[in-house]
Amino acid sequence: MPELPEIEIVKRSLFKMINKAKIIDIKINNKNLRYKIPGTLYKKLINKKILKISRRSKYLIFHFKDKLLLVHLGMSGKFLVSKKNNKLLKTSFYYDLNILPKHNHIYFMLNNNCTLIYNDVRRFGFFKLYENLDLEKITFLKKLGPEPFSNLFDVKYFIKFIKNRQKNIKNLLMDQTFVSGLGNIYVNEALFLSKIHPLKKCSNLKRNSIKTLIRNIIKVLKISINQGGSSIRDFKNTYGKSGNFQQFFNVYGRENKNCSRISCKGKIKKISISNRSSFYCDHCQN
DNA sequence: AGGCATGTTACAGG
DNA sequence: ACCTGTAACATGCC
């Protein structure tokens, strides 16, 4: 669940459930995530109040007084909130319910009768704790390009960045130093909406295509956030059900299917670009 | 059994 | 320096 919209949904639901809560106990089952969980985590965060939860790109940031906890969910990281009745509440949109307790790596017991659980099957996620450090100084965040929704991500920036670059557009959009928060799904979807072939050399894009592409990146992310948001708002109705965003996929995972554009007779093709699956319509993305 | 998976990083080689 | 492909990380699902 790891691209910008999913992280945004996690952030919003965490905010609703645990913002301003105080951590009263921490249990660490497995320190071996992508990076070792700092041994000081317990000591530093106990009795600390969560002042704010924010997102930068695919990173979540828990704000404490003079401390920041940076979290990346990797490929399979999930936050769950368990209430005192012990029923697991979903705080993000999982597309299945195969959440095994054996992959619960960290428990944060809170003073609001909730326990925040970090569950991560593949353990590519990580936690880093920073003290007395501004957000802008965090190495992981420093190298990130602009947020897709930011004013900084505009045609001018785009054109300047691709000058003298030979990359294909798929890899450019996957490059977090160019624009941050996109991943394989939304890059594929945005390129489809923009009728751009994923292997197109970015420096060959016309100004108008770039404009369209920027607009569609923002559009697909927003639609997804709206869908995820609506599926999470009333989690009882959606508990155990697929996230709504999947129904908006035009190309991702749709190999050999017909193009969803009514007027298009094309088929969705799958190719590998830099070892990642790329899906595109062989007719309208030429 | 082997390939694939929403992410990131390191490395080799062009 | 830039770009691409490959592998690695760990686990589960076709």
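Just so it is clear: chains get the letters A, B, ... in the order the sequence lines come, proteins before strands, and each one is counted from 1. Side chains included, hydrogens not; waters and symmetry mates left out as well; all remaining heavy atoms used.
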Exercise for the section: Round to the nearest Å and state the distance from Asp175(A) atom CG to dC2(C) atom C1'. Expected result: 11 Å
Practice task
List for me each residue that meets side-chain contact (heavy atoms from CB on, under 4.5 Å) alongside Phe124(A), sequence neighbours excluded, and say none if there are none.
Solution key: Met75(A), Arg122(A)
Could you list all N or O pairs between the protein and nucleotides 9-14 of chain B that sit under 3.5 Å apart?
from   : atom 1 : to        : atom 2 : distance (Å)
dT9(B) : OP1    : Lys143(A) : NZ     : 3.4

Exercise for the section: Identify, with sequence neighbours excluded, every residue that meets side-chain contact (heavy atoms from CB on, under 4.5 Å) alongside Ser272(A). Expected result: Asn275(A)
Exercise for the section: Calculate the interatomic distance between Ile37(A) atom CD1 and dC9(C) atom P; express it in whole Å. Expected result: 19 Å
Completion exercise
To the nearest angstrom, the CD1-P distance between Ile185(A) and dG7(B) comes to 7 Å
Completion exercise
Residue pairs meeting side chain to side chain donor-acceptor pair (under 3.5 Å), one or both in residues 34-43 of chain A, sequence neighbours left out, come to Asn32(A)-Lys36(A)
Handout entry: OP1 or OP2 of dG12(C) under 4.0 Å from side-chain N/O of Lys102(A)
Key = yes
Exercise for the section: With rounding to the nearest 0.5 Å, note down the distance linking CG in Asn119(A) to NZ in Lys78(A). Expected result: 6.5 Å
Problem - Length of the CZ-C1' vector between Arg276(A) and dG5(C), whole Å - result: 13 Å
Handout entry: Partners passing side-chain contact (heavy atoms from CB on, under 4.5 Å) against Lys20(A) (at least two apart in sequence or in another chain)
Key = Lys49(A)
Problem - Nearest-Å distance for atom pair CG/C1', residues Asn119(A) and dA10(C) - result: 13 Å
Problem - Fellow cluster residues of Phe248(A), listed by chain then number, with links counted only when side-chain atoms sit under 4.5 Å apart - result: Ile223(A)
Handout entry: Presence of Arg123(A) side-chain N/O under 4.0 Å of dC9(C) phosphate oxygens OP1/OP2
Key = no
Problem - Pi stacking test for Phe124(A) and dT8(B): under 5.5 Å apart, planes under 30° - result: no
Practice task
Compare side-chain N and O positions of Ser274(A) against OP1 and OP2 of dT4(C) and report whether any pair is under 4.0 Å apart.
Solution key: no
Fill in the blank from the handout: Lys270(A) has its side chain closest, among dC4(B), dT11(C), dC9(C), to dC4(B)
Practice task
Considering just the side-chain nitrogens and oxygens of His103(A), establish if one lies under 4.0 Å of OP1 or OP2 belonging to dA10(C).
Solution key: no
Exercise for the section: Please state how far atom CG in Leu33(A) lies from atom C1' in dC9(C), giving the value in whole angstrom units. Expected result: 12 Å
Practice task
For Phe62(A), enumerate each residue passing the ring-ring contact (aromatic ring centres under 6.0 Å, His included) test, keeping only those at least two apart in sequence or located in another chain.
Solution key: Phe79(A)
Practice task
For the residue pair Tyr186(A) and Asn188(A), confirm or rule out a side-chain donor-acceptor distance under 3.5 Å.
Solution key: no
Practice task
Find out whether the Lys NZ or Arg CZ of Arg254(A) is both under 6.0 angstrom from the six-membered ring centre of Phe192(A) and within 45° of the ring's axis.
Solution key: no
Fill in the blank from the handout: Phe126(A) atom CZ is separated from dA10(C) atom C1', nearest whole Å, by 16 Å
Problem - Residues within residues 160-172 of chain A bordering DNA chain C, heavy-atom distance below 4.0 Å - result: Arg165(A), Gln166(A), Lys167(A), Asn168(A), Asn171(A)
Exercise for the section: Quick one: the dot-bracket string of DNA chain B, using Watson-Crick and G-U wobble pairs with both distances under 3.5 Å, [ ] for crossing pairs and | for bases paired to another strand. Expected result: .||||.||||||||
Problem - Separation between the P atoms of dA7(C) and dG2(B), rounded to whole Å - result: 15 Å
Fill in the blank from the handout: Separation of dA7(C) atom C1' from Met75(A) atom CE, nearest Å, is 14 Å
Completion exercise
The complete set of side chain to side chain donor-acceptor pair (under 3.5 Å) pairs with one or both residues in residues 204-213 of chain A, sequence neighbours excluded, reads none
Return all side-chain donor-acceptor pairs below 3.5 angstrom for residues 276-286 of chain A, not counting sequence neighbours, or 'none' if the list is empty.
from      : atom 1 : to        : atom 2 : distance (Å)
Ser278(A) : OG     : Lys170(A) : NZ     : 2.8
Asp282(A) : OD1    : Lys267(A) : N      : 2.8
Gln285(A) : OE1    : Cys281(A) : N      : 2.8
Gln285(A) : NE2    : Leu191(A) : O      : 3.4
Gln285(A) : NE2    : Ile196(A) : O      : 2.9

Exercise for the section: Respond yes when some side-chain nitrogen or oxygen of Asn275(A) is under 4.0 Å from OP1 or OP2 of dG5(C), and no when none is. Expected result: no
Handout entry: Within residues 148-165 of chain A or reaching into it, pairs that qualify as side chain to side chain donor-acceptor pair (under 3.5 Å) - sequence neighbours excluded
Key = none
